[in-house]
Amino acid sequence: MINIIRTQTRRFILLHRRFTTESTQPKPSPITPINQDHLLRVCTILYQQQNSPDSRLISKLSSTEFQLTHEFFLQVCNNFPLSWRPIHRFFLYSQTHHHPGFSHTSVTHNKILGIIGKSRNTDLFWELAQETGKRGLANDKTFRVVLQTLASAREMKKCVTFFHLMNGFGYGYNVTTLNRAVESLCKEKLVEEAKYVVAKLREWIKPNECTYRTMIEGFCDVGDLVEAAKVWNVMMEEGFEVDVEAGKKMMETFLKKNQFEEASKVFYVMVSKRGEGLDVSFYRVMIDWLCKNGRVDSARKVFDEMRERGIQVDNLTWASMIYGLLVKRRVAEAYKTVEGIENPDICIYHALIKGLVKIKRASEATEVFRRMIERGCEPIMHTYLMLLQGHLGRRGRKGPDPLVNFDTIFVGGMVKAGKRLEATKYVERTLKRGVEVPRFDYNKFLHCYSDEEGVVMFEEMAKKLREVGLFDLADIFQRYGEKMTTRERRRNREESSPVLPPLPYQCSMPT
């Protein structure tokens, strides 16, 4: 009689357990070193005997005296990432009397669900998902794995049914759980499926602001702005406040598609309704697009409006404005803007270099390169690539001396580094008339000589370049050889560079 009461009590607790991983679940065994010989033997048996009768498989596994722990089980699963049969049979074997001290946890169940889901065995997956809920081993990850697998297989009714089943097992309807499931679906580009699940569960789980924001961002990621706008309107109708992140995401997507009018509508709606809650990153999205598309005056209006609202301007926003001015050849105004920045960092210098390179002023860009080093701002790989493209072009330019022209240094350098195939392809396409010459990969060239031998090579290259009067290129290559050729030099480049206090920018003004 006592045993019957205990059994009923245990079932009652299981049915009313909340959606959390509590201490009632089996505790995972402590992580111990795995015997690799036993692991290899077990995996070999599972592979060779995966279609054998149960008695034969159990006999083979029992003859291997391995210690079954949770870590061992997970290691076996890792060896069969896409094969459901060996893992499922090992899962069934682990529940026999041969290992009475072993019990599965949420981690092991989720691992098996992931493998079976990837193998597209939907029937077995659905059966195991229900078993996980019955045992009280479901958690957040279980919901994510189950919904991703079922949604990708277009089993939409089962996605909704799973929530109802979990509620019957005592987990309850929870908007936090729904939001995490919707987020996982949106990350996998299953936004339509996420919208279906939310709509079908609306009677039991009322979506909140986070639910709508996640779906809006998901539709923007897949480029479906019509559906994103519909979700936005539904969120407004239900009385939620305008979400800043959702609005910024929609504005970014409209601008990426060059739909400036629609992006402007979203922008001014956000400014009118959430003006005090907007930050510099929101305004920067619009300013950056306007500057890149040559609308510097419009960007200046947005910039001034942002400052009037008391929003502190960061260096990334200043960099966008500087680049926009340089592209429109308003160089003097760009330099004046730089002088007003208190603490310019590398993004400011990159905006200067990129803008000057864009308007074919590679020498001035190199002067900015020298100034940033003097002020303790060490260049990175992107800095060198911009400068090389500015001086030599994306497809290379001929130098005045045959010893230091583009083909000798770069194409010949690729041959010397053993990259004959890449160099040959480039030369062949260059010789064939009517075929566009590909962009030369300066990054790959610099990577080939990023060693101690490259230090000597870049130093010799700098000497030859100075002999023929190419001092800008010489300084670029010499600095790269000193600071970027090896890992240790890259780590220590900031320590060895002099750090000067902030000073007004003193780049030479154009005549």
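Note that this is a predicted model, so its numbers are computed, not measured.
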Colleague: Quick check: does any side chain N or O of Ser106 sit under 3.5 Å from a backbone N or O of Leu137, one acting as donor and the other as acceptor?
Modeller: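 At least one qualifying donor-acceptor pair exists.
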Colleague: Identify whether the distance between the nearest side-chain nitrogen and carboxylate oxygen of Asp243 and Arg274 falls below 4.0 Å.
Modeller: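 Salt bridge flag = no for Arg274 with Asp243.
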Colleague: Using a strict 4.0 Å threshold on nitrogen-to-oxygen distance, state whether Glu227 and Lys195 make a salt bridge.
Modeller: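 The answer is yes: the pair qualifies as a salt bridge.
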Colleague: If we ignore hydrogens and angles and just use 3.5 Å, is the side chain of Asp279 paired with the main-chain N or O of Phe282 as donor and acceptor?
Modeller: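 At least one qualifying donor-acceptor pair exists.
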Colleague: Using a 3.5 Å distance criterion without hydrogens, assess whether the side chain of Tyr171 forms a donor-acceptor pair with backbone atoms of Ala138.
Modeller: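 Judged by distance alone, yes, a pair lies under 3.5 Å.
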Colleague: State yes or no: are the ring centers of Trp84 and Phe125 separated by less than 6.0 Å?
Modeller: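 That pair fails the under 6.0 Å test.
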Colleague: Are Glu333 and Lys336 ion-paired here, with the side-chain N under 4.0 Å from a carboxylate O?
Modeller: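 No salt bridge links Glu333 with Lys336.
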Colleague: How are the rings of Phe260 and Trp289 set relative to one another: parallel (under 30°), tilted (30 to 60°) or perpendicular (over 60°)?
Modeller: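 Correct class here is parallel.
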Colleague: Is the shortest distance from a Lys or Arg side-chain nitrogen in Arg135 or Glu131 to a carboxylate oxygen in the other one below 4.0 Å?
Modeller: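 Result for this pair is yes, salt bridge flagged.
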Colleague: Quick test of your reading of the model: are Lys301 and Glu305 salt-bridged, counting only N-O distances below 4.0 Å?
Modeller: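 The answer is no: the pair does not qualify as a salt bridge.
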Colleague: For the pair Glu183 and Lys187, find out whether any cationic side-chain nitrogen is under 4.0 Å from an anionic carboxylate oxygen.
Modeller: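 Salt bridge present between Glu183 and Lys187.
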Colleague: Going by the angle between their ring planes, with limits at 30° and 60°, are His104 and Phe91 parallel, tilted or perpendicular?
Modeller: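 Correct class here is tilted.
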Colleague: So, Asp297 and Arg330, do they make that salt bridge, N to O below 4.0 Å?
Modeller: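 Salt bridge present between Asp297 and Arg330.
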Colleague: Say whether, by atom type as modelled, one donor and one acceptor occur between the side chain of Ser152 and the main chain of Thr149 under 3.5 angstrom.
Modeller: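 It does hold such a pair.
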Colleague: When you measure from the centre of the six-membered ring of Tyr349, is the NZ or CZ of Arg375 under 6.0 Å away and within 45° of the axis?
Modeller: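 No, Arg375 does not lie over the aromatic ring of Tyr349.
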Colleague: Got a second to check how far Thr211's OG1 is from Ile216's CD1, nearest 0.5 Å?
Modeller: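 Answer for the OG1-CD1 pair, Thr211 versus Ile216, is 10.5 Å.
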Colleague: I want to check something: taking the side chain as every heavy atom from C-beta on, are Leu356 and Thr366 in contact at a cut-off of under 4.5 Å?
Modeller: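 Sidechains of Thr366 and Leu356: no contact.
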